[in-house]
*Asks:* 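The following block contains the structure, expressed as structure tokens.
Letters A, B, ... are given to chains in the order of the sequence lines, protein chains preceding strands, and every chain is numbered from 1.
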There are 2 protein chains.
Amino acid sequence: MTAERDGEADTGVSTTRKTFAILEALKSEEGLTITEITERTELPKSTVYRHLATLTDMGYVIEREGGYYIGLRLLEISEQTRNRKTGYTAAKRKVFELGQETDERSLFVVEEEYDAVYLHRYGSLADTMIGKRRPMHSLASGKVILAEWDDDRVADFVERKGLGRHTSNTITDPDALAEELDRVRKQGYAINDEEYMDGLCGVAVPVHTPDDELLGALGLFGPASRFTEDVHEEFVSRLRDKAGEIRVTLAYG
Amino acid sequence: MTAERDGEADTGVSTTRKTFAILEALKSEEGLTITEITERTELPKSTVYRHLATLTDMGYVIEREGGYYIGLRLLEISEQTRNRKTGYTAAKRKVFELGQETDERSLFVVEEEYDAVYLHRYGSLADTMIGKRRPMHSLASGKVILAEWDDDRVADFVERKGLGRHTSNTITDPDALAEELDRVRKQGYAINDEEYMDGLCGVAVPVHTPDDELLGALGLFGPASRFTEDVHEEFVSRLRDKAGEIRVTLAYG
DNA sequence: CGGTTGCGTTTCACTATCCGGAACATTGAT
DNA sequence: ATCAATGTTCCGGATAGTGAAACGCAACCG
């Protein structure tokens with residue numbers, strides 16, 4: 001009823017929330033029918049019908065063979081974000097080169113609202129993971145970005161997002177995190193030692209613009225069996241080269 | 001008032017339309033302030049304010065330094081479309097390889113609602129063009145797709161979208177289009193001879209799944225000066241190789 | 001320093017419009 | 001032909017979105 005609650009619940013336009021509830025439903029499972037969306041969103045059938053009519057009319061949703069799909073028009077909107085900075089686009093190419101040269105999975109990650117978000121990725125055909133959000137403290141790329149922040153901002157991150165445990169190796173203690181970030185700052189790269197998922201390791205370095213603004217993190221990851229001590233050096237030097245190339249590209253086109 | 005008009009105007013939820021009007025405004029120009037969005041959308045200020053509050057609350061829009069930006073959460077939704085089919089993801093890699101090997105711009109295009117839509121692209125750092133929509137009849141890749149359709153569907157396309165002229169070379173006559181599509185079918189590839197933009201040429205081939213379903217079109221394009229008769233053969237054979245590789249990837253993982 | 005301009009924010013009364021139950025139409029299967 | 005399940009339409013009602021206007025806050029400036 002009244003505007004504000006404990007947190008801040010129902011600001012603004014609930015109609016818009018319904019629309020996006022439907023889009024999110026289609027994200028997780030494409031080709032749904034109206035009734036299936038009804039079940040998943042717990043919205044009345046006629047409401048879903050009306051919203052879908054609007055969305056298809058605008059082209060953001062496509063109906064084909066009785067099922068509904070996210071339209072490519074949304075792609076045009078969101079792709080904007082991946083090219084917001086020239087450095088992002090330059091990073092895309094480097095991610096690809098890294099993947100080809102090392103035959104491992106590679107990624108470029110930026111931070112948004114204290115999440116590590118995949119902007120570019122090279123890897124398995126099944127799932128590109130682009131747009132997926134991960135907890136920063138449990139990823140090599142996330143730690144690289146955290147290491148560039150001052151203590152206050154890191155403290156705020158810890159407070160707001162917490163240091164959730166994902167494996168037995170996850171850093172869950174703020175002091176341990178501070179130590180780790182110090183180490184990252186000193187050595188100039190971060191390592192993920194099965195901290196997010198068992199058996200999954202990674203290495204990442206920061207990417208800077210010519211005027212030393214942080215763009216994001218460039219990383220490689222793969223199974224623990226292949227990410228042993230002795231390959232770290234090679235991976236790190238490759239990553240540094242690519243990060244440097246991005247910087248140069250930005251400076252001299 | 002009554003449900004339908006001449007075309008079909010205001011179906012469904014006008015609130016949702018307002019939300020997307022705001023998102024579209026941010027797409028074309030990021031970092032806008034509330035008043036700037038007000039001007040561009042011609043919506044009252046308080047309405048824009050309320051919608052933006054909702055969108056930022058949901059994370060689809062981000063506020064930074066007084067300006068509003070599209071959030072990366074939208075990326076997660078739309079990226080789904082680029083990986084709807086495994087072939088799409090496989091094509092991404094091939095587009096990249098093509099670009100690297102030929103040092104020209106390359107693309108993978110699919111059709112949606114009679115538009116040619118860029119799904120993957122390799123080229124300039126400035127603009128990736130992903131998600132952009134182009135008229136099918138004036139693109140090599142578009143013609144490749146049209147050539148796979150039966151006459152009825154092509155006729156429907158012509159009726160619905162028209163054959164708009166973009167340059168002096170654009171095919172604007174339905175019969176000429178039919179002839180051209182015959183040629184494309186025979187030779188198995190299409191050429192864009194400055195039909196969309198003066199000085200811009202292209203070559204494209206169709207991409208099929210192992211069970212001969214059309215996935216989209218794979219193409220190369222660049223300045224007319226480099227796309228002369230004698231290089232067509234080389235480009236076409238390269239494109240055919242890559243299209244074949246996609247097919248094989250789909251068949252044998 | 002007042003005054004002014006321009007912006008984001010909030011208020012508030014109004015009613016447009018979104019809602020959703022329920023009836024209806026359509027399809028497909030048995 | 002019957003039935004079940006789905007998509008579509010209808011319609012009264014009140015929710016909730018609307019937008020003009022007022023407010024608060026900076027920055028700018030005379």
Side-chain angles (χ1 to χ4, degrees), chain A residues 1-26 29-71 113, chain B residues 1-26 29-71 113:
Chain A
M1 297 288 170
T2 33
E4 45 185 332
R5 302 206 180 162
D6 335 315
E8 41 173 298
D10 45 357
T11 1
V13 209
S14 71
T15 304
T16 302
R17 290 183 195 277
K18 288 179 187 141
T19 289
F20 277 100
I22 292 172
L23 286 174
E24 290 283 354
L26 286 178
E29 208 175 344
E30 287 206 301
L32 292 176
T33 65
I34 289 186
T35 21
E36 285 169 336
I37 298 174
T38 297
E39 290 160 5
R40 267 151 252 244
T41 58
E42 292 186 338
L43 293 167
K45 198 166 47 156
S46 56
T47 300
V48 172
Y49 177 81
R50 203 171 335 108
H51 278 257
L52 281 175
T54 312
L55 287 169
T56 47
D57 182 53
M58 292 190 290
Y60 296 120
V61 163
I62 302 290
E63 184 189 2
R64 212 187 316 149
E65 297 152 20
Y68 287 91
Y69 297 81
I70 309 250
E113 294 190 319
Chain B
M1 293 291 171
T2 32
E4 43 186 331
R5 302 205 180 163
D6 333 318
E8 39 172 299
D10 45 357
T11 1
V13 208
S14 69
T15 305
T16 302
R17 290 182 194 276
K18 287 176 189 149
T19 290
F20 277 100
I22 292 171
L23 286 174
E24 289 284 352
L26 287 179
E29 208 176 343
E30 287 207 303
L32 293 176
T33 65
I34 289 186
T35 20
E36 285 168 337
I37 297 174
T38 298
E39 292 160 5
R40 268 150 251 242
T41 58
E42 293 185 337
L43 292 168
K45 197 163 50 156
S46 55
T47 300
V48 173
Y49 176 81
R50 203 170 338 104
H51 278 255
L52 282 174
T54 312
L55 287 169
T56 47
D57 182 52
M58 292 189 290
Y60 297 119
V61 162
I62 301 291
E63 185 189 2
R64 211 188 315 147
E65 297 153 19
Y68 287 90
Y69 297 82
I70 309 252
E113 295 188 321

*Asks:* Whether Thr47(B) contacts dG19(D) is assessed here as follows: a side-chain N or O lying under 4.0 Å from the phosphate OP1 or OP2. Is that the case?
*Replies:* yes
*Asks:* Separation of Glu39(B) atom CD from dG6(C) atom P, in whole Å?
*Replies:* 11 Å
*Asks:* How long is the line joining CZ of Arg17(B) and P of dG17(D), in whole Å?
*Replies:* 17 Å
*Asks:* Any heavy-atom pair between the side chains of Arg17(A) and Asp57(B) that's under 4.5 Å?
*Replies:* yes
*Asks:* Starting at atom OH of Tyr49(A), determine the distance to atom P of dC10(D), rounded to an integer number of angstrom.
*Replies:* 10 Å
*Asks:* Taking C-beta and beyond as the side chain, do Thr47(B) and Thr41(B) meet within less than 4.5 Å on heavy atoms?
*Replies:* no
*Asks:* If you fit an axis to the five pairs at each end of the helix from dC1(C)-dG30(D) to dT30(C)-dA1(D), how big is the angle between those two axes, to 10 degrees?
*Replies:* 30°
*Asks:* Please set out all donor-acceptor pairs under 3.5 angstrom arising from side-chain atoms of residues 32-39 of chain A, sequence neighbours excluded.
*Replies:*
| from | atom 1 | to | atom 2 | distance (Å) |
| --- | --- | --- | --- | --- |
| Thr33(A) | OG1 | Thr35(A) | OG1 | 3.4 |
| Thr33(A) | OG1 | Glu36(A) | N | 3.3 |
| Thr33(A) | OG1 | Glu36(A) | OE1 | 3.4 |
| Glu36(A) | OE1 | Thr33(A) | N | 2.8 |
| Thr38(A) | OG1 | Ile34(A) | O | 2.9 |

*Asks:* How do Thr35(A) and Thr16(A) order along DNA chain D: which one's closest nucleotide is nearer the 5' end?
*Replies:* Thr35(A)
*Asks:* Sort me out a list of protein N/O and nucleotides 26-30 of chain C N/O pairs below 3.5 Å, or just none if empty.
*Replies:*
none

*Asks:* For the pair made of CD in Glu42(B) and P in dG19(D), what is the distance, rounded to whole Å?
*Replies:* 12 Å
*Asks:* Would you mind reading off the distance between Leu43(B) atom CG and dG19(D) atom P, rounded to a whole angstrom?
*Replies:* 7 Å
*Asks:* Whole angstrom is fine here: how far is it from CG in Leu55(A) over to P in dC18(C)?
*Replies:* 13 Å
*Asks:* With sequence neighbours excluded, tell me which residues meet side chain to side chain contact (heavy atoms under 4.5 Å, CB included) with Ile62(B).
*Replies:* Glu112(A), Glu113(A)
*Asks:* If I take atom CD in residue Glu63(B) and atom P in nucleotide dC7(C), what distance separates them, rounded to the nearest angstrom?
*Replies:* 15 Å
*Asks:* Using the test side-chain hydrogen bond (donor to acceptor under 3.5 Å, both in side chains), find all partners of Thr19(B) that sit at least two apart in sequence or belong to another chain.
*Replies:* Thr16(A), His51(B)
*Asks:* Among dC18(C), dT18(D), dG8(C), which nucleotide sits nearest the side chain of Lys18(B)?
*Replies:* dT18(D)
*Asks:* Output the distance between atom OH (Tyr49(A)) and atom OG1 (Thr54(A)), rounded to the nearest 0.5 Å.
*Replies:* 10.0 Å
*Asks:* Rounded to the nearest Å, what distance is computed from the CZ atom of residue Arg50(B) to the P atom of nucleotide dC12(C)?
*Replies:* 15 Å
*Asks:* Quick check for you: to the nearest 0.5 Å, what is the distance between Glu63(B) atom CD and Tyr69(B) atom OH?
*Replies:* 10.5 Å
*Asks:* Among dG17(D), dG8(C), dT10(C), which is the nearest nucleotide to the side chain of Ile34(B)?
*Replies:* dG8(C)
*Asks:* Please check the phosphate of dC18(C) (OP1 and OP2 only) for any side-chain N or O of His51(A) closer than 4.0 Å.
*Replies:* no
*Asks:* If you restrict it to nitrogen or oxygen atoms, what contacts under 3.5 Å exist between nucleotides 20-23 of chain D and the protein, and what is each distance?
*Replies:*
| from | atom 1 | to | atom 2 | distance (Å) |
| --- | --- | --- | --- | --- |
| dA20(D) | N6 | Ser46(B) | OG | 3.1 |

*Asks:* Mapping Thr15(A) and Glu36(A) to their closest nucleotides on DNA chain D, which lands nearer the 5' end?
*Replies:* Glu36(A)
*Asks:* Evaluate the criterion side chain to side chain contact (heavy atoms under 4.5 Å, CB included) for residue pair Val61(A) and Ile22(A); output intermediate values, then yes/no.
*Replies:* CA-CA 10 Å; Val61(A) 163; Ile22(A) 292 172; 5.9 Å; no
